[in-house]
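Down below is the structure, laid out as structure tokens.
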Amino acid sequence: MRTSRSSLRHRLTTLLTGAAALTALLVAAPAHAADPPLRDLADAKGKVIGTAVTGSKLTGTYGQIAGAEFNSLTPGNAMKWGSVEPTRGTFNWTEADQIVDFAEAHGQQVRGHTLVWHSQNPSWLTNGTWTSAQLSQLMNDHIALEVGRYKGRLAAWDVVNEPFNEDGTYRQTLWYNGLGADYIAQALTAARAADPSAKLYINDYNVEGVNAKSTALYNLVKSLKERGVPIDGVGLQAHLILGQVPSSLQQNIQRFADLGVDVAITELDIRMQLPATEAKLAQQRTDYEAVVKACVAVSRCTGATVWGFTDSDSWIPDTFPGQGAATPYDENYAPKPAYSGIATALGGTTTPPPTGACTATYSVTSQWNTGFTGQVRIACSGASLSSWRVNWTYGAGQQITQAWSATCAQTGAAVSCTNASWNGTVPNGGSVTFGFNANWSGSNPLPTVTLG
Ligand code: 9MR
């Protein structure tokens, strides 16, 4: 039932083509239905709530949530050098363009990520032998081309990514080794020339609290400001561990703000040892809330971007075996307590999903030009069911053609599905799913589902 949150906004934005549609909607939406989406809460506070996204996934439920809940997108990989110029002189802008177009269609900002980094570079670049003059030219040309391509369309760029070691010394990279620490000033200057309206950032991890690394970043930003090098902000990535939000986070944000730069939380996720338990998810909610609150408390903190909004699109399980559940939505697109933590920090009144309840979560698992496949998951925690019925009302003329693992009937826009003989029982802590195919045209907004 909590899937309904994003659907009302989406319907209102996509279906406001006639009064009839609006009326039908308002009747269909239960009075208590939706807390405002995160982006409305963030807008009211003048803050960013963003997510990293994968371009190819921006359809179905993933696209619905990305568009409805966030006011900013960061391409997770699509703008990295290795993605855009895999072979020297051969460019692939498809995914980057797709994300920027999607953001503009949904009234969202884009954060460009990232121009100068030691990782995810094309092999022709990393395997080459370059003089410093050539390296400098390559870097400047890359920045001019990529920043220039999106000139005027991006709110910010992570110009330089991860320049420091943990002890605050410079990381020995292609750039540092070839050009010295001045590569940073050069990159910022080139980015400013290519798009004077984008805010230019240096972005790093483990710089959330006051420590040797964040102090090195602080000293760098201070000296760049003193030298008149264009620097507008610092990105604190915030790849955090459950229960370990640095206590000096707000103080650290404030000290950067006091230097006269903006601060953004750019890659927030909070990982835990799997399996996720109720207690761990509750701690994660507290942690998410603390991070976003620290940002809200400092006016120069522009907001927070999560590094993937769903556990099905997170880098954590691949990189930290046995860990995961780091994002605000689970793999089935159900909002977790962490979602409520973010909402609360942004001034919302959302309370965590009640314990001792069964919920139905509707998602679109694939979609093509005229049809789609959907799935509903019925999950219980602290309660159980021996039979179930799930109801929803389609808002855009969608028509079910076939269902499996449930019996579904559609009358007009109203759909009602009951369990098959073998899957009526949903034990405490368990879940069942059923699927269906349906037709759509024009738009395919998510309906509000109720479990009866
Ligand atoms: O999310 C990105 C993941 O898909 C890539 O495999 C990974 C490769 O390093 O990069 C991830 O994003 C990184 C970001 O660009 C910079 N900060 C650390 C992020 C996690 O590795």
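One-based numbering, in listed order, for ligands and for the atoms of each.
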Residues in the immediate environment of ligand 1 (any heavy atom closer than 4.0 angstrom):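 These residues qualify: N77, K80, H113, W117, Q120, N161, E162, Q237, H239, E267, W307, W315.
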R153/D195 ion pair, N-O < 4.0 Å: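 The answer is no: the pair does not qualify as a salt bridge.
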Salt bridge present between K225 and D232 (N-O < 4.0 angstrom): no
Partner set under salt bridge (charged side-chain N to carboxylate O under 4.0 Å, His left out) for D313, not counting sequence neighbours: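 Only K57 meet the salt bridge (charged side-chain N to carboxylate O under 4.0 Å, His left out) criterion with D313.
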K199, NZ atom: more than 12 neighbouring heavy atoms under 6.0 Å: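 For K199, atom NZ is not crowded (no more than 12 foreign heavy atoms under 6.0 Å).
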Cation-pi check, R300 onto F256 ring (under 6.0 Å, within 45° of axis): no
Pair F164 + Y205: ring centers closer than 6.0 Å: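 No, the ring of F164 stays outside the 6.0 Å limit from the ring of Y205, centre to centre.
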